[in-house]
Amino acid sequence: MHQRLGTIFGMPRLSYCRPSLPDHEHQILSLLSRNPSRHLSLQIHSKLVTSGYHWNDHKRTIIWNSLLRVYSQGGYPDEALKLYNQALQTSPSFLPTDTFTLSFLLKACANSHRPILGRQFHGNVVKLGLGFHVYVETALVNMYSVCGCLDEAMRVFDEMPERNLVTWNVMITGLVKVGELDIALSLFNEMPRRNVISWTGIIDGFTRANRPKEAIALFHKMMAVDRLEPNEITVLTILPAVWNLGNLDMCQFFQGYCEKTGFVASDIRVINALIDAYAKCGSMKNALRLFEEIIANRKNLVTWTSIISGFAMHGMAKDALHWFQEMEKQGLSPNHVTFLSVLSACSHGGLVKEGLGFFSKMVNVYQIKPGIKHYGCMIDMLGRAGMLEEAEKMALDMPVEMMDVVIWRTLLGACSFHGDVGMGERIMRRILESERDYGADYILMSNIFVGVGRFGHAEKVRGLMDEKNVPKMKALSLLDWRSKNTC
DNA sequence: GTAGGGTTAG
């Protein structure tokens, strides 16, 4: 039997296993809890399969569930699901499906974004009569909301006979993620008890809704009313609200707070967010000071990209490129975000030759496929420099499915600036074909005609604009925009 | 056992 299972699970052969793996179940469990790695899990699984038939069902179930836990929580959700599925097909009698098993499997579905499989496990939950179980039901609510099935998440939540703090938090963060702030807020006010995760979730909601003042007010309230201390995630959540308001003093307050609490010492994400916040509040001096205080081996790609993008957004192209070089010297490989910052720096600094070089390096050396933002940067850069032919060529070289009217608009702006009527007309035609007219395009085109003295044509374009009743301004509020993009 | 945003153009 063990040989059969060995092939079923695709486990490594015994010869691959370290001989040091203990014999007893409790030793194996304590080893797994101390070192929850994928490698060790595979080893233990092999052991379970080869000698586990000596163990009683209870012990075997605990080890099986522990393996599923490590897989589903440790970033290997597919391993967990594969394992379960193979066992189900070949040896269903072996397969435990208790509340623990289902919680971990649902977690794996959430982490691998598989609502269809998750729905099947929901069926199992009902069949096994576990619909009353708080942990399992909470895992269901979480799975549905992580997978974007909010209606189903709310249905499960509504019908739960019993909820705990985690259930409420799962539901609130799920609502916040899809922009349902009002419902989230009413649940937040209704819930019997709140912890720092509940507060962080609702603060996040206000930040996402572009209501930074209320986010910060809630942050104070969390400490004053519920006497709760913010943690690392709270800081990561509140910083975008801080830089939205451009509040440099508050950035400094948070840096101090994070140094005092040890977050700066323990969590590089917090430092990265602080660097970014300083940059966005306009203080590259503070951003750079913090950046240079970190020892080299703690800096990761996001740290480097944050400082590069900071210089890029302040038009300090030379500094951006300098830190990019330093980063490469450290042996780190830039990703698509790093390149976007570098290209944007080149575009703003008029460094056309360098920009073209980086674009080619991105594609050829680092094998990164350019996205629409990279193309946008390049077209903007070439257009600003008056290299309109090259800019148009790059736009035409873009994959069609990526094409966006904004790209044409960027190009039209460049035509206007450099007075290229012929290309301007060509681009305008493309914009009209896209049937997404904005007044600004007509005005740009009309300005191009005015610039070369073709007043009659300019008048015609303006007339066309009235005729088609083109909105002169984008009459779309941020809220409309957000709800359009979250559906 | 079930819970939480690090960097992204014009």
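First the proteins, then the strands, lettered A, B, ... as listed; each starts at 1. Computed from heavy atoms alone, side chains included, the values below leave out hydrogens, waters and symmetry copies.
The nucleotide whose nearest atom lies closest to any side-chain atom of A/Cys377 is, among B/dA9, B/dA3, B/dG5, B/dA9. Among the nucleotides B/dG4, B/dG1, B/dA9, the one closest to the side chain of A/Thr200 is B/dG4. Distances from the side chain of A/Asn195 to the nucleotides B/dG1, B/dT8, B/dA3 place B/dA3 closest. Comparing B/dT7, B/dG1, B/dG5 by their closest approach to the side chain of A/Arg69 singles out B/dG1. Comparing B/dG4, B/dT8, B/dG5 by their nearest atom to the side chain of A/His336 picks out B/dT8. Checking B/dG1, B/dA9, B/dG6 against the side-chain heavy atoms of A/Asn272 singles out B/dG6 as nearest. Set against B/dG4, B/dT7, B/dG5, the side chain of A/Asp204 has B/dG5 as its closest nucleotide. Considering only the side chain of A/Ser309, B/dT8 comes nearest among B/dA3, B/dG5, B/dT8.
Atom CZ in A/Phe121 sits roughly 20 Å away from atom P in B/dG1 (whole-Å rounding). In this structure, A/Tyr278 atom OH and B/dG6 atom P are separated by 19 Å, rounded to whole Å. In this structure, CG of A/Asp276 is placed 8 Å from C1' of B/dG6, rounded to the nearest angstrom. Going from atom CZ of A/Phe100 over to atom P of B/dG1 covers 7 Å, rounded to whole Å. For the pair A/Ile203 CD1 and B/dA3 P, the computed distance is 20 Å after rounding to whole Å. As a whole-Å value, the separation of A/Leu239 CG from B/dG6 P is 11 Å. Computed from coordinates, the A/Ile294 CD1 to B/dG6 C1' distance equals 12 Å when rounded to whole Å. Across the protein-nucleic acid pair, A/Lys177 atom NZ and B/dA3 atom P stand 10 Å apart, rounded to whole Å.
Put simply, the side chain of A/Pro334 does not reach to within 4.5 Å of the side chain of A/Val342, judged on heavy atoms.
In this structure, the separation between CG on A/Leu340 and CE on A/Met362 is 8.5 Å, given to the nearest 0.5 Å.
Salt bridge A/Asp397/A/Lys393: present, at least one basic N to carboxylate O contact under 4.0 Å.
Shown here are the salt bridge (charged side-chain N to carboxylate O under 4.0 Å, His left out) partners of A/Glu326, two or more places apart in sequence or in another chain: A/Lys329.
Residue A/His348 is classed as a sugar-phosphate contact, given heavy-atom separations below 4.0 Å to backbone atoms only. Counting any heavy atom pair closer than 4.0 Å across all strands shown, A/Ser306 reaches sugar-phosphate atoms only and no base atom. Counting any heavy atom pair closer than 4.0 Å across all strands shown, A/Phe104 reaches sugar-phosphate atoms only and no base atom. Residue-level contact check: A/Asn65 touches neither bases nor backbone, having no heavy atom under 4.0 Å from any strand. In this structure, A/Ile268 reaches the bases: a heavy-atom distance under 4.0 Å links it to at least one base atom across the strands shown. Residue-level contact check: A/Asp267 touches neither bases nor backbone, having no heavy atom under 4.0 Å from any strand.
Counting atom types as modelled, A/Thr237 pairs no side-chain N or O with a base atom of B/dG4 as donor and acceptor under 3.5 Å. A/Thr99 contributes a side-chain N or O that forms a donor-acceptor pair with the base of B/dG1 under 3.5 Å.
Here the closest heavy-atom approach between residue A/Ala80 and residue A/Ser72 is recorded as CB-N, 4.2 Å. Of all the heavy atoms in A/Ile427 and A/Cys415, the pair that sits closest is CG1-SG, 4.4 Å. Of all the heavy atoms in A/Leu165 and A/Ser198, the pair that sits closest is CD1-OG, 4.0 Å.
Sorted by first and then second residue, the pairs that involve residues 127-146 of chain A and meet side-chain hydrogen bond (donor to acceptor under 3.5 Å, both in side chains), not counting sequence neighbours, are A/His122-A/Tyr144, A/Thr138-A/Thr167. Within the structure, ring-ring contact (aromatic ring centres under 6.0 Å, His included) pairs that include any residue of residues 385-414 of chain A do not occur (at least two apart or interchain).
Side chain of A/Tyr375 to backbone of A/Met402: no donor-acceptor contact under 3.5 angstrom is found. Using a distance-only test at 3.5 Å, with no hydrogens or angles considered, a donor-acceptor pair links the side chain of A/His113 to the main chain of A/Val146. No donor-acceptor distance shorter than 3.5 angstrom exists from the side chain of A/Ser416 to the backbone of A/Leu412, with no hydrogens or angles considered.
Contacts with DNA chain B (heavy atom under 4.0 Å) in residues 154-171 of chain A: A/Asn164, A/Val166, A/Asn169, A/Val170, listed by number. Contact check of residues 139-150 of chain A against DNA chain B (heavy atom, cut-off under 4.0 Å) returns A/Asn142. Using a 4.0 Å cut-off on heavy atoms, none of the residues of residues 311-332 of chain A approach DNA chain B.
Close to B/dT8, at under 4.0 Å from its OP1 or OP2, lies a side-chain N or O of A/Lys280. Note on A/Arg269: every side-chain N or O is 4.0 Å or more away from OP1 and OP2 of B/dG5.
Glycosidic conformation, B/dG5: syn, with the torsion inside 90° of 0.
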For this session: Take A/Asn300 and A/Thr303 through the test side chain to side chain donor-acceptor pair (under 3.5 Å) and record every step on the way to the result.
Result: CA-CA 5 Å; A/Asn300 64 14; A/Thr303 322; 2.8 Å; yes
For this session: Any chance you could lay out the ring-ring contact (aromatic ring centres under 6.0 Å, His included) test for A/Trp168 and A/Phe188, step after step, and finish with the verdict?
Result: CA-CA 8 Å; A/Trp168 288 90; A/Phe188 178 80; over 10 Å; no
